[in-house]
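One-based numbering, in listed order, for ligands and for the atoms of each.
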Amino acid sequence: MIPRGFWNVHRGGKWYQIHRTTGRISSPGDTSTYLTLRRLLDGDEQLSKATPIPFPCPLQRNLDYVYTLDLDSAYLTVSFWHREEGDDEAMELPEPVCMRRLNLDSIHEASDLNYEALLQNGSSPLLDIYAGEDSLQAGKEYEHWETELGQPSSLNELQYRMFMDFVYQWRFFIDDHITWQHPSSALFRRLCYAFLRLAAWDFEISSESEVAKLPLGAEEFPGWDSPPTEIYWFHRNLVVLCEDFGTSSSISDAVSRARTFVGHLEGRGNELRCIFISLADIAFVQIAADKVQCSTVFPLLTNSSTTECSAGFRILTYFLASPYIKEGERDFAAREVFSIALPTEVLEMALNAVAPYDIVSFAQASFMAENWYYASLPQLPDMVIHDFDVSIACCGERTNSEGKEGVCCSDCYAWRHLGCLHPSERTPEKCYICSKCRLSREKAGARPKLIPGAIERANRHGARPDGCRPDGCRVMIRKQEKFLQLRISALRLHLTSMPPNQIDYVVLFSGSWSGLAYGLDDV
Ligand SMILES: [Zn+2]
Ligand SMILES: [Zn+2]
């Protein structure tokens, strides 16, 4: 087997990728690896031909080695697949990612880079992440902000699926915590912004399949723009990017950052709604002049986020994309008057006629339009969702009435019909915990930490042999039943006689591809 991989090089504050068209690379102990390193150390001749990248790209399963040479900090990190001794994870799982870091002044000859030398002398940057604080500290000094979700909508079903699909598509980046450890990192900011945009259904859907490059290769990276700051407004919420929620002051620090950002709240007559995100976790905070209310800290990304939508994302969609959440804004909505009575059909026609990149701004211009936007499936006007397997955890069927005959698990926030619960579970008290969460609580105790590399491994564990994603969503489109399926490759892997995978929808963040592409398959 020819080893495959690439180099990430950091020089003068900028990252570059050196990637041969063949993808070929030499092994760590090879003389040519050492010579490449020397050439990079001695001159910048190779970098003029290298591809500028916003952050170092991670090792992916179809590659063998990634060399990350940081000339600014004078170290080399080698990433490869390796099972450490005493790794008690199931042996049938693929080897986990291993990183070894050496200071440049400790590399004198080719043999300093071979496997044995790397494992013996290299430090493991992943260990610093494993060693991080385990417990989560909610803002205990604040009043608790209770969150209760209503019955998920068709929009929510697609959003939850898109969340899992997005994590799947970018799993190697999300698994590489070293690149997004701090909110100052571009990858941290882009991933946060992507989750916010998916949860607010704030994106364009295009049918131009040329945008999507499938499968996502080693040279693809999250390329969309994100606000350059660590605190910004998003759909009338103040987003505060936080490194973690591990210390008791994490929440109160973020509260004071939010207060400083907006200035005095007195006399505004309105509460400041904040979303605190650390990527692994998320918290919702309401700040008024005289009081602060803080939700529990919910997991946003978990080790199983390619197969289950996290509680944090469910609540985030509820905050950003529910037509009936905006209670605090009812006063404003009541002030909105039209001189003519506008039939909803006209609104619908107007929304459908607006260009893809204008539709969100159009919806935000009016409370009435925004309510309509989130109560429908904007950009997919001909589609009717038939499967609610992800959003309605009991029977996967949506009841038409907006009734409250359902309950949310207080751990995973999956919604279920009251009528579908076992009679013993239908307890009058408020706190309902589903059997799955009860079991995992008994087994694992506290909530498991997000472990670098675990998303890819967990996904492998439950994956189908052909590497395909689980079945898509059953939808009805122009009177035909179809499966809406994430496209991970342009070709069908095993059914070579079938036509190539058709791409019908591409999800874009302000014109840049989000990594999500969908096609309609026959049922
Ligand atoms: Zn049900
Ligand atoms: Zn649960």
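For Phe203, the ring-ring contact (aromatic ring centres under 6.0 Å, His included) partners at least two apart in sequence or on another chain are Trp201.
Between His417 and Trp415, the angle of the ring planes goes over 60°, which puts this pair in the perpendicular group of the 30/60° scheme.
For the Zn ion (ligand 2), the count of nearby protein N/O/S atoms, taking only those under 2.8 Å, is 4. With waters neither drawn nor counted, the protein N/O/S atoms under 2.8 Å from the Zn ion (ligand 1) amount to 4.
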Validation: residues 285-293 side-chain donor-acceptor distances under 3.5 Å, sequence neighbours left out:
unit_1: Gln286; atom_1: NE2; unit_2: Gln293; atom_2: OE1; d: 3.4
unit_1: Gln293; atom_1: NE2; unit_2: Glu143; atom_2: OE2; d: 3.3

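A donor-acceptor contact under 3.5 angstrom links the side chains of Arg197 and Ser510, judged on distance only.
At a threshold of 4.0 Å, the pair Asp521-Lys482 does not count as salt-bridged, since none of the basic side-chain nitrogens sits closer than that to a carboxylate oxygen. Between Glu157 and Arg161, at least one side-chain N (NZ, or NE/NH1/NH2) sits under 4.0 Å from a carboxylate O, which counts as a salt bridge.
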Item checked: Check against salt bridge (Lys or Arg N to Asp or Glu O under 4.0 Å), Arg236 and Glu370 -> CA-CA 13 Å; Arg236 302 195 291 279; Glu370 189 179 52; 2.9 Å; yes

Next item on the list: Take Thr179 and Asp176 through the test side chain to side chain donor-acceptor pair (under 3.5 Å) and record every step on the way to the result.
Entry: CA-CA 6 Å; Thr179 315; Asp176 181 10; 2.6 Å; yes

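Trp513 places a side-chain N or O within donor-acceptor distance of the main-chain N or O of Leu516, the cut-off being under 3.5 Å.
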